[in-house]
Amino acid sequence: MAQILGMVTSSHVPSIGNAIAKNIQQNEYWGPFFDGFKPIHLWLKEHKPDVAVVFYNDHGLNFFLDNIPTFALGADHQYLNEDEGWGIPTLPAFKGDANLSWSIIEGLVQRDFDVASCQKMKVDHAFTLPLKLLWPDEASCPVITIPICINTVQFPLPSASRCYQLGKAVGEIIQSIDSDLKFLILGTGGLSHQLDGQRAGFINRKFDQEFMQSMVTQPAWATQFTNHQLIEHVGTQGIELIMWLAARAALGGEVKCVSSTYHVPISNTAGGIMLLEHLN
Ligand code: DHB
Ligand code: FE
């Protein structure tokens, strides 16, 4: 049966792409963030996942305001990144596996998740940059990818608890797939940030750190909050932390924290990175 090895959660700000392009990952500003990936690189070399299932939010590249699904899965053999207007280099196509995607889509629909299936899907910085951070030395991403996009752009957004249920279902489906493939789960976004309005620049270290702790000891902790409450705690764009919840639920039960980094600021955000390993 397919196996879930672990979960990586990471911030995804576009300026990570600029830092990589300018080769300034080790300067005073970026060093503490990029260093958070060093233990993850070692772990990836040892565990060698075949597939990355990526919970992320599109910011207007593939879906615009006239057409926003709540949950959408890619089901193509490749996913293209295109210019999003941030001035960051476009990354090479990401490999997909349509059959594998369809297995997950079918499993989700059987479990009453009415997801959109996308046989063509462009992927934005929230998908591409965390993968680049995991495999910085590879010309293109070395694993098969499965994009799972959750709407955080246009209200109404799915609740934290619904995202948790989605992730849990994805984890169960993966573990029922008859194959030797080894899966890594990714959740990208957050942590606290607000890009506009009166609270622009808002950061909440206390909540972020409690949330990161809950990922290890009490994974469903944040599902107690409504989206309004979460936005009060972490800012309008900080709501992206629902990707972390979905990823953590997909990972399931007992886990070991391999590494955890929290650093403020990266761009306008509190940067969070975690690697949790699945214990069987
Ligand atoms: C920034 C943060 C985001 O989550 C994003 O999608 C784009 C920009 C930022 O802080 O610059
Ligand atoms: Fe974002």
Side-chain angles (χ1 to χ4, degrees), residues 8-22 24-25 27 29-30 32-34 36-37 54-65 68-72 79 81-91 94 121-134 147-155 157-158 160 163 186-205 207-208 211-212 222 227 230-247 261-274:
V8 173
T9 44
S10 168
S11 305
H12 65 216
V13 295
S15 49
I16 295 166
N18 267 320
I20 295 171
K22 292 184 190 153
I24 53 170
Q25 298 94 320
N27 75 10
Y29 182 87
W30 285 104
F33 177 73
F34 279 87
F37 286 89
V54 187
F55 291 94
Y56 75 108
N57 56 299
D58 182 88
H59 301 69
L61 179 70
N62 193 70
F63 302 112
F64 202 61
L65 299 180
I68 301 241
T70 300
F71 301 126
Y79 303 100
N81 178 217
E82 282 183 10
D83 182 11
E84 304 169 45
W86 294 103
I88 53 177
T90 299
L91 290 170
F94 290 78
M121 196 175 194
K122 287 180 270 185
V123 285
D124 80 354
H125 64 274
F127 178 94
T128 62
L129 293 176
L131 287 167
K132 186 66 190 165
L133 286 163
L134 295 189
I148 305 187
C149 182
I150 300 181
N151 169 34
T152 59
V153 171
Q154 174 154 274
F155 286 86
L157 314 183
C163 294
L186 258 73
T188 93
L191 286 175
S192 58
H193 66 294
Q194 172 145 345
L195 299 180
D196 44 25
Q198 282 183 346
R199 292 202 309 170
F202 178 77
I203 298 289
N204 186 345
R205 285 174 192 263
F207 188 92
D208 286 341
F211 176 67
M212 287 177 81
N227 282 338
L230 280 175
I231 285 168
E232 275 175 20
H233 284 304
V234 292
T236 40
Q237 281 76 31
I239 190 74
E240 290 176 345
L241 62 71
I242 56 181
M243 311 306 151
W244 288 47
L245 270 181
T261 303
Y262 183 73
H263 177 70
V264 182
I266 62 156
S267 192
N268 304 289
T269 75
I273 308 162
M274 289 186 95

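Note that ligands are numbered from 1 as they come in the structure, with each ligand's atoms numbered from 1 the same way.
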> OH of Y29: more than 12 outside heavy atoms within 6.0 angstrom?
Replying inline: yes
> Can you tell me how far the NE2 atom of H12 sits from the CD1 atom of I266, to the nearest 0.5 Å?
Replying inline: 9.5 Å
>> Among all protein heavy atoms in this structure, tell me which lies nearest to atom 3 (C) of ligand 1, with the distance rounded to 0.1 Å.
In response: H193 NE2, 3.6 Å
>> Can you see whether H59 engages E240 through a side-chain donor-acceptor pair at a distance of less than 3.5 angstrom?
In response: yes
> Looking only at heavy atoms, is any part of S15 under 4.0 Å from ligand 1, and if so is it the side chain, the backbone, or both, or is it neither?
Replying inline: neither
> Looking just at side-chain N and O atoms, do H193 and N268 make a donor-acceptor pair shorter than 3.5 Å?
Replying inline: no
> With a 4.0 Å cut-off on heavy atoms, is Q237 touching ligand 1?
Replying inline: no
>> Considering the Fe ion (ligand 2), could you give the total of protein N/O/S atoms lying closer than 2.8 Å?
In response: 3
> For ligand 1, which atoms have a heavy atom of P14 less than 4.0 angstrom away?
Replying inline: 1 (C), 5 (C), 7 (C), 8 (C)
> In Å and rounded to the nearest 0.5 Å, what is the CD1 to CZ distance from I150 to F71?
Replying inline: 5.5 Å
> Backbone N or O of P158 within a donor-acceptor pair of the N151 side chain at under 3.5 Å?
Replying inline: no
> About how many Å separate CG of L230 and CG of L245, when rounded to the nearest 0.5 Å?
Replying inline: 8.0 Å
>> For atom 5 (C) of ligand 1, tell me which residue out of E84, Q194, H125 has the closest non-hydrogen atom.
In response: H125
> Which one holds for W86 and ligand 1: side chain close, backbone close, both close, or neither close, with close meaning a heavy atom under 4.0 Å?
Replying inline: side chain
>> Checking contacts here: is it the side chain or the backbone of I266 that comes within 4.0 Å of ligand 1, counting heavy atoms only? Could be both or neither.
In response: neither
> What residue and heavy atom of the protein are closest to atom 2 (C) of ligand 1, and at what distance?
Replying inline: V13 CG1, 3.4 Å
> Does the pair F33 and H263 meet the rule for a ring-ring contact (aromatic ring centres under 6.0 Å, His included), with working shown?
Replying inline: CA-CA 6 Å; F33 177 73; H263 177 70; 7.8 Å; no
> Which atoms of ligand 1 sit under 4.0 Å from any heavy atom of T269?
Replying inline: 2 (C), 10 (O)
> Counting each atom of ligand 1 from 1 as listed, which ones have a heavy atom of H12 under 4.0 Å away?
Replying inline: 4 (O), 6 (O)
>> Has N18 got a side-chain atom pairing as donor or acceptor with I88's backbone, closer than 3.5 angstrom?
In response: no
>> The test is side chain to side chain donor-acceptor pair (under 3.5 Å); show your working for S192 and N204 and say whether it passes.
In response: CA-CA 6 Å; S192 58; N204 186 345; over 6 Å; no
> Nearest non-hydrogen atom to atom 9 (C) of ligand 1 belongs to which of P265, G190, S267, G238?
Replying inline: S267
> Does H59 reach ligand 1 with a nitrogen or oxygen that is under 3.5 Å from one of the ligand's nitrogen or oxygen atoms?
Replying inline: yes
> Hey, is the main chain of L157 close enough, under 3.5 Å, to the side chain of N227 for a donor-acceptor pair?
Replying inline: yes
> Can you find an N or O of N268 that's nearer than 3.5 Å to an N or O of ligand 1?
Replying inline: yes
> Between CD1 of I16 and CH2 of W86, what distance do you get to the nearest 0.5 Å?
Replying inline: 11.5 Å
